[in-house]
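One structure is given here, and the rest of the page talks about it.
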Amino acid sequence: MNGLWSPRVLGGWRVPSAGPVILAVNHSHAVDGPMLMGTAPRPVHFLIKKEAFVGPLGPFLRGIGQLEVDRSGTDRTAVTGALGVLARGGVLGIFPEGTRGEGDFSALRAGLAYFAVRSGAPVVPVAILGSAERSGRLITALPPLRGRVDVVFGDAFEAGDGSGRRTRTALDEATVRIQDRLTAHLENARRLTGRAG
C-alpha cells in the first residue's frame, strides 16, 4: 500500500494491542480492504465474498487468513470462522454495509452487531477517505498512484448494553448504537482530514 499510494494513518494507537477487536470499516472502493490490511497495527481477518476466491487469489487470501463468505444466505462456516478469529484474540474486519457503496455507513446490516454482541469484542470504527475521490490516469479503476488515502481509527466501544442479551431486540438496539458511533466517527474523520462528505 505504501508503495502504490501515500496512506496517512491517524489514531492507529486506538486499536487495542491485544485481545479480540472488530474493525468496522466504511467501504467505497475495492482498495479499502487491502489498504486497511496494509496499514492496521495488527493483522486483520476480513469476511470476503466468495467470488473473490478465484484462481491464484483464492489460496493467497486463505493463506493470509481471510475468510470466504457466501452472501446469498447465512453462511454458517463463515460465521463460525469469524467467531473463531475473535475467540483466539484476533482482529476481525467487517464492512458493516455488506458491500461497496457510498461508504457513509447509511445502510448497516445486522452482521456487525451479531459478532460484537456474541463475542463481546470491542468495535473500533475506521474511516477510509480518499480512495474513491478520483481515478488514476494509468489505471482508472484505482485511485491515483501516490495519491493520499487517509485511514482514521476511532475510539473502541462496546456495542452491547452490558446485559449479555442476544435477543433480536438486543441486536437491533446494538445496530442503532453502532450506526450512531460509526456515523459520528466518519463526520469527525472528514473534519480532521479536511475531506468533504
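Contact between Val91 and Pro43 at its shortest, heavy atoms only, is CB-O, 3.3 Å. Minimum interatomic distance between Phe153 and Val9 (heavy atoms only, all atoms of both residues): CE1-CG1, 3.6 Å. Nearest heavy atom pair, residue Ala174 against residue Ala159, reads CB-O, 3.5 Å. The two residues Ile64 and Met37 have their closest heavy-atom pair at CD1-SD, 4.3 Å. Residue Asp70 comes nearest to Asp75 through the heavy atom pair N-OD2, 2.8 Å, listed as atom of the first residue, atom of the second, then distance. Contact between Ile178 and Ala113 at its shortest, heavy atoms only, is CD1-CA, 3.7 Å.
Using a 4.5 Å heavy-atom cutoff, the side chains of Leu182 and Pro96 are in contact. Within the 4.5 Å cutoff, the side chain of Phe95 has no heavy atoms near those of the Leu36 side chain. The side-chain heavy atoms of Ile22 and Leu112, taken from C-beta on, include a pair separated by under 4.5 Å. Side-chain atoms of Val126 and Val152, non-hydrogen and from C-beta on, never get closer than 4.5 Å to each other. Within the 4.5 Å cutoff, no side-chain heavy atoms of Val69 are placed close to those of Lys50. Counting heavy atoms from C-beta on, the side chains of Val79 and Tyr114 come closer than 4.5 Å. The closest side-chain heavy-atom distance from Leu171 to Arg168 is below 4.5 Å.
For the atom pair CD1 (Ile48) and CG (Leu57), the distance works out to 8.0 Å, reported to the nearest 0.5 Å. One finds the OG1 atom of Thr193 at 6.5 Å from the CZ atom of Arg8 (value rounded to the nearest 0.5 Å). For the atom pair CZ (Arg195) and CG (Leu129), the distance works out to 6.0 Å, reported to the nearest 0.5 Å. If you take CZ on Arg181 and NE2 on His185, they are separated by 10.5 Å, rounding to the nearest 0.5 Å. With rounding to the nearest 0.5 Å, the separation of CG in Leu92 from CZ in Phe46 is 8.5 Å. Here the straight-line distance linking atom CG of Leu47 with atom CD of Glu68 works out to 11.0 Å at 0.5 Å rounding.
Met35 and Phe60 end up in the same hydrophobic cluster when Ile, Leu, Val, Met, Phe, Trp and Tyr side chains are linked at under 4.5 Å.
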Take Leu10 and Leu192 through the side-chain contact (heavy atoms from CB on, under 4.5 Å) test and state the conclusion after the steps. CA-CA 9 Å; Leu10 304 171; Leu192 181 65; 3.8 Å; yes
Derivation and outcome, side-chain contact (heavy atoms from CB on, under 4.5 Å), residues Arg118 and Leu86: CA-CA 10 Å; Arg118 173 84 188 266; Leu86 296 170; over 6 Å; no
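Between the His45 side chain and the Gly65 main chain, a donor and an acceptor come within less than 3.5 Å of each other. No side-chain donor-acceptor contact under 3.5 Å links Glu158 to the backbone of Val117.
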